[in-house]
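So that the names make sense, note that chain A is the first sequence line, chain B the second, and so on, each numbered from 1. Below, each value reflects all heavy atoms present in this structure, side chains not excepted, and no hydrogens, waters or symmetry copies.
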Amino acid sequence: MSGSAVHGGDEINAIVLDPGSYYTRIGYAGDDFPKITTPSFFAIGPDPPKKGKRTRIFGEAIGVPRSNYEVKPIIKDSLIVDWDAAIEQYKYYFEDVLKINYKEQPILIVEPVWATTEYRQKVVEEFFANFDFPALYLAKSPTCISFQQGRANCLVVDIGHDSVSITPVIDGMSLLRNTTKTHYAGAFLNAQIQDMLNKKYPNLDLCAKYLVRDRTPTKYPEEAKYTQRQLPDNITDSFYEYQQLALWHEIKETMLEVPEKKLASDRETYKDETHKRSFELPLGQLIELGIERFELADSLFDPKSYPLRDQDKFPPTNGEVSIKTMYDDYRPVKRTKRTESSQSSPPPEEEEAVTIRGLSQLVAHTLTSVDIDLRASMAHNIIISGGTSLITQLTERIQADLSNTNPGLKVRLHAVGSSAERSSQSWIGGSVLSSLGTFHQMWVTKEEYQQAGAEKILNQRFR
Amino acid sequence: MSANDILDVLNVQRDSLDLPAKKKQKVLNDVAAVHRQTGLSRELYSLLGPNTPPANLSNATSSGTKSKFNLKPSPWTRQSFTAQSGDQKGAEFFHWVKGSKELIEQEPEKPYIFEKFNVRLDIPELPDEATFDTYMSELLQDEEDARVKEEERKKVAEESTKSNSTEPKTETATGEKTDTQNEEKTETGTKEEKRSTHENKRSAPDELKNVEQSIPPRHNWTYEETVHLFELCNAFELKWPIIFDRFKYPGLREEDLKDQFYRVSAKIYQSQPNASHALIESLKSFSRVKEIERKQYLEKLLKRTPAEIAEEESLVIEARRFELAAKKMLVERSQLLTLLDSPQVTQSTQQYQSSQGLANLYNNLMIIDKHQKKRQLQQQLRLASSSEPLPPPIPSAASSSYKRDRTFQTQLQQYLSNVLRQSQSVNGREPNAIQQLLMKRLTVKEEEAYGLHYHANERLTPGVMLRSTQRLAGTQQRQSVLRSVNTLLQELDIPTGGGTTWRPVMPTRKTMAKYDELIRSVVVLLDVKRARDKLESEIKLIKSQRGIE
C-alpha cells in the first residue's frame with residue numbers, strides 16, 4: 001500500500017487473459033509481460049474425448065508431428081469460436097501451469113470491440129460456470145492499449161493477425177460506433193505471400209521445417225539438397241498448414257518493407273538491385289525477392305490492386321462494422337460538398353461506393369467519422385499496435401498518408417519501440433488497468449451479474 | 001613517546017606545518033573532542049600524528065548504520081478487502097498491507113482507500129411519464145413562442161436590410177444576385193463562398209437561415225428514449241462522446257442528446273423549489289442549432305487545402321514579423337528619447353561659473369559617476385560587500401590654484417559678479433558676460449592666472465584629464481634606464497610622487513614641464529656616462545692588447 005499513493009496502484013494479482021487471433025496471453029496483473037504467450041490453436045487426436053481427461057494439446061506441443069492429429073484454431077477474429085477447446089485451454093494454463101487458486105483473485109478478459117452482445121454474454125456465463133473466479137471484467141482491447149500508452153484520448157490502430165481495427169478511445173472508453181475493421185492484416189499477408197510464391201516459382205516446393213532433417217543451402221533454380229525426417233504416418237493437412245504459418249511469419253518478419261508511397265505510382269525505384277534480399281526456404285533453397293517485398297507490404301495499404309487467387313477467403317470490405325443489433329446506418333451529416341471551388345483539395349476519399357479500404361484509408365475514414373471536437377486530439381494521439389505493425393516502414397507510411405489526406409490536422413503516431421511489447425500491448429494495458437486501486441470497484445461478481453441483468457452489466461459496467 | 005618526539009629525533013621540523021593543521025583539526029573535530037577516542041591508548045593515538053583523517057569518526061554514525069542492519073523486517077500482512085461498500089457489496093480480494101496482523105485486526109474497518117475516487121455526478125432524476133409529458137408539451141409551447149418571436153424579429157431585420165440595400169447601387173446588385181441564387185437552390189457551399197467574398201450586411205442572417213434549413217428539426221423524444229438517455233448520462237458521467245456512442249436509438253446527433261438532456265434537466269430543476277437560478281440559466285444557454293453550426297464551421301476549417309493552409313501560415317508569419325518590427329521600433333524610439341532627455345536646469349548656473357565652483361561640480365560629478373559605476377558593479381556581481389568603499393571627496397580648498405591665486409581670484413570674482421549684476425539689470429543688451437570676458441584678449445599674466453594654456457602642437461585625448469595621471473614624455477624609456485634614473489633622483493634627494501607613474505609631488509603645469517626636462521637630461525646624462533664607460537673599457541682593452549701599461 002505504501003506505493004499506492006504514488007501511482008494509484010493496488011496489487012491484487014488479478015489474472016489477465018487476452019485471447020488474440022494468433023496468440024493467447026495469460027498473466028498476472030501488475031506484471032510488465034504476460035507469464036504465458038501461447039498459440040490460439042490446439043491439436044486434437046482422432047479418439048473421441050473422454051470424460052474428465054484432457055484430450056487436446058496446447059502450446060508449443062502442438063508442433064510435434066503426431067499421426068491423425070488435427071490442428072484447429074480456437075479463436076477467429078479475436079472471438080472464441082471453439083468454446084470447448086477454449087475452456088480446456090484456459091483450464092490447462094490456470095490449473096496446470098500457473099496453479100492458481102481461483103478464489104483469490106478476479107480475472108480480466110480482453111475482448112475485441114466488435115464482440116456482439118450474445119457473445120459477451122456467453123463469455124461471462126461460460127467463465128462464471130467453468131471457473132471459480134470471484135469476479136470478472138470484460139475490457140475492450142483498445143481501452144487496454146490506451147492504458148498501456150497512458151493516453152486517455154487516442155485513436156488505436158490495431159494491426160493484428162486476423163483483423164485490422166481502428167477504434168477511437170475517449171477518456172479511456174472505446175467508441176463502438178466509430179470502430180472500423182478489415183481483415184487486411186497478418187493472415188491476409190500470409191495469403192498474399194503464398195500467392196506470390198506460387199506465381200513466381202510455380203515448381204517450388206515450399207514444404208515446412210518439420211519435414212526436413214538436414215539440408216545444404218542451394219540457390220533457387222538448383223535442386224534442393226536435403227534429407228527427410230522420419231515421421232509418423234497420416235500427418236494431417238491442418239498440421240501442415242499450421243507449420244507453414246511459421247514460414248509466412250518468417251518472410252513477414254524479415255523480408256517485407258512498406259514503400260513510401262502507393263507502389264503503383266513509382267514502381268521503377270523499387271525494381272532497383274539494392275532492394276533485393278534473399279531468403280532461405282525450409283528445404284535450403286535461396287530465393288531472391290526484390291519488388292515483391294514492397295508489393296506484399298503495399299497490399300495492406302492498397303488491397304484492391306493485389307487481388308488474391310482465393311477471393312472468397314477475404315471478401316472486399318470497407319471496414320464498417322455493425323456492432324450492435326440496434327445499430328443503423330446513420331452517419332453524422334458531412335459538410336455540404338463544394339463542387340466548383342475544391343479543385344485544389346485532395347481527391348475525396350469517402351465515396352459511398354468505396355468497397356475496399358486500405359490501412360491508411362481506413363484510418364483516415366475513421367478519423368473523419370469522429371466528432372469534430374475530438375478529431376484534433378485523435379489525430380495527435382494515434383497509437384499503432386499489433387504484431388503486423390512491425391513491418392518495416394509501416395508507421396512512416398501511415399504518417400505520410402495521413403498527413404497528405406488531412407492537411408489541417410497535426411498527425412502524430414505513437415508506436416512502442418520494443419517489438420515484444422507492441423504485439424502484446426493490449427495484455428500489458430489490461431495488466432495496468434487491473435492493478436489500479438480505483439479499478440477494483442469495477443469488478444463484477446456473479447451475484448451482481450445475475451441481479452442487474454446481462455444488458456445493464458454488459459453495456460454500462462463493462463465500459 | 002609521541003610523534004613529536006620521533007620527529008625531534010629525526011631532526012624534522014614541522015612546527016610551521018603543524019600550526020594550520022592544528023587549527024583545522026580544531027574546527028573539524030570539535031565534536032570529536034567531546035567524544036574522546038577510547039579504543040586507542042594515548043601513545044598510539046598521538047603516534048597517528050598529523051595524518052589523522054579529516055572525517056569525523058564519531059560513534060553516532062556507525063551505531064546508526066548498525067541499527068539499520070539490525071532492524072527487524074517490517075511486517076506485511078495479506079489482508080482481504082472489498083472495494084465496494086454500501087448497498088452493493090463487491091467481491092473479496094486480497095492485497096498486502098504494511099503492519100502486523102494483530103495491529104491491522106485492531107484497527108477499525110475503514111472504507112476502501114480508493115473508494116473516494118468513485119465520484120458520482122449530481123444528475124437530476126427523471127420524473128414519471130405523466131410529468132415528463134407535461135414537461136415536453138411545455139417545452140414545445142416555449143419553443144413555439146420563441147419561434148414566433150424569432151420570425152417577427154427576422155421580419156423586422158429583413159425590412160431593415162431591404163431599406164439598407166437600396167442605398168448603394170453595388171450592394172443591391174450583389175443582394176439580388178444572392179437572392180436569385182437562393183431561388184435556384186444551388187449548393188450551399190458555393191453560395192457561402194460567394195457571400196464571403198462579398199461580405200455584405202445581408203450575409204449573416206441569410207447564412208443563418210441556410211444553416212437552419214440544413215439542420216433537421218428537433219426529434220420527438222419519447223419517454224423511453226429519455227429514460228435511456230438519463231441512464232447513460234448517469235453511467236458515463238456526462239461524457240458526451242461516449243453517451244452518444246452507446247445510445248441505442250438511431251437517427252440522432254450528439255447535439256440532440258445534449259439538447260434533450262439539458263432542457264429536460266432545466267425543467268426538472270425549475271420545478272424544484274430550491275434549485276439555483278444560475279444552474280438553470282446555464283442549462284438553458286445550450287443551443288442545439290448554434291452547436292451544429294459551430295461544428296459545421298469547424299469541419300469546413302479542417303477541409304482547407306494545403307495551399308490555403310500554407311497561405312494562412314505565411315500570413316501569420318508575416319504578421320508576426322510586423323509585430324516584432326513594431327516592437328523593435330518602439331524600443332529604439334524609447335532609447336532615443338532617453339538619450340535626448342538631458343537633465344533640466346533647475347538651479348541657477350552662477351555657482352558653477354567660477355573655477356572653484358567648477359571644481360566642486362567636477363568633484364560632485366565624479367562622485368555621482370563613481371556611485372553609478374559602483375551600482376552597476378553591484379548589480380553585475382550581486383556582491384555588495386566586494387565593491388570598495390568610496391574615496392572621500394577632495395575638499396575644494398586643497399586644489400593648488402585656490403591658495404596661490406586667492407587674491408587675484410577674489411578680484412576676478414568681484415569683477416565677474418559685477419558684470420553679471422550689470423547684465424542682469426540691463427537684461428538683453430549685453431547677453432553674456434563670460435563670453436565677453438573670453439573674447440577680451442588676455443595678457444600672459446592673466447592667462448597664467450586663469451591657468452589657460454594653449455596646446456599648440458601636442459596631441460590631446462578628448463575628455464577631461466588630470467595632470468596627476470598624465471604620463472610624462474620623458475618617461476617613455478626602457479625599464480632599466482628608468483631604474484637608474486630613479487636611483488639618481490634618490491641620490492639627488494628629488495622627491496617623486498611615488499608609485500608606478502613618474503610625476504612630481506605637486507603636478508602643476510610648470511613643475512611637470514621642469515620635471516620632464518629634468519628626467520630627459522638625466523637620461524641624456526646616463527647615456528653619456530654609459531658611452532663613456534664603454535669607450536673607457538675599450539681603450540683599456542686595446543691598451544692591454546697592445547701591451548701598453
TODO: Return the minimal non-hydrogen interatomic distance between B/D245 and A/R177, and the atom names on each side.
DONE: OD1-N, 2.7 Å

Measure the [atom1]-[atom2] distance between [X] and [Y] for me, rounded to the nearest 0.5 Å.
X      : Y      : atom1 : atom2 : answer
B/E92  : A/E104 : CD    : CD    : 11.0 Å
A/D171 : B/K239 : CG    : NZ    : 5.0 Å
B/F93  : A/N13  : CZ    : CG    : 12.0 Å

Open item on the list: So for B/L298, is it side chain, backbone, both, or neither that comes closer than 4.5 Å to the heavy atoms of chain A?
Closed with: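 When you check distances to chain A, atoms from both the backbone and side chain of B/L298 fall under 4.5 Å.
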
Open item on the list: Quick check on B/K295 against chain A: is it the side chain, the backbone, both or neither that has a heavy atom closer than 4.5 Å?
Closed with: both

- [ ] Over 60° means perpendicular and under 30° means parallel, so classify the ring planes of A/H440 and B/Y112, tilted if in between.
- [x]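 B/Y112 vs A/H440 ring planes: tilted.
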
TODO: Taking the side chain as every heavy atom from C-beta outward, state whether B/P241 and A/I170 have any atom pair closer than 4.5 Å.
DONE: yes

TODO: Determine whether B/F81 and A/D10 make a side-chain contact, defined as any pair of heavy atoms from C-beta on separated by less than 4.5 Å.
DONE: yes

In a table with atom names and distances, give each donor-acceptor pair under 3.5 Å that connects a side chain of residues 122-129 of chain B to protein atoms at least two apart or in another chain.
residue, atom, partner, partner atom, Å
B/D128, OD1, B/A130, N, 3.2
B/D128, OD1, B/T131, N, 3.2
B/D128, OD1, B/T131, OG1, 3.0

Task: For B/R294, side-chain hydrogen bond (donor to acceptor under 3.5 Å, both in side chains) partners two or more places apart - done: A/D373, B/E291

Task: Step-by-step side-chain contact (heavy atoms from CB on, under 4.5 Å) determination, A/N406 to B/L302 - done: CA-CA 8 Å; A/N406 298 288; B/L302 265 187; over 6 Å; no

- [ ] Using atom types as modelled and distance alone, determine if a side-chain donor or acceptor of A/R375 lies under 3.5 Å from a backbone N or O of B/E299.
- [x] no

Task: Under 3.5 Å donor-acceptor, A/Q441 side chain and B/F114 backbone - done: yes

- [ ] Go through the atoms of A/L374 and report whether side chain, backbone, both or neither lie under 4.5 Å from a heavy atom of chain B.
- [x]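 Interface part for A/L374: side chain.
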
Open item on the list: Need one label for A/E11: side chain, backbone, both or neither, based on atoms under 4.5 Å from any heavy atom in chain B.
Closed with: backbone

Open item on the list: Quick check: under 4.5 Å, non-hydrogen atoms only, which of residues 228-237 of chain B neighbour chain A?
Closed with: B/E231, B/L232, B/A235, B/F236, B/E237

- [ ] Count the heavy atoms belonging to other residues, nucleotides or ligands that lie under 6.0 Å from CZ of B/R320, then report whether that count exceeds 12.
- [x]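 Result for CZ/B/R320: open.
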
- [ ] Return yes when atom CD of B/E311 has more than 12 non-hydrogen atoms of other residues, nucleotides or ligands closer than 6.0 Å, and no otherwise.
- [x]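 Count not over threshold, so no.
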
TODO: Determine the option with the most heavy-atom pairs under 4.5 angstrom with chain B, choosing from A/P106, A/A376, A/P134.
DONE: A/P106

- [ ] Provide the full list of salt bridge (Lys or Arg N to Asp or Glu O under 4.0 Å) pairs with a residue in residues 433-442 of chain A, sequence neighbours left out, each pair given once.
- [x]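 Those involving residues 433-442 of chain A do not exist here.
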
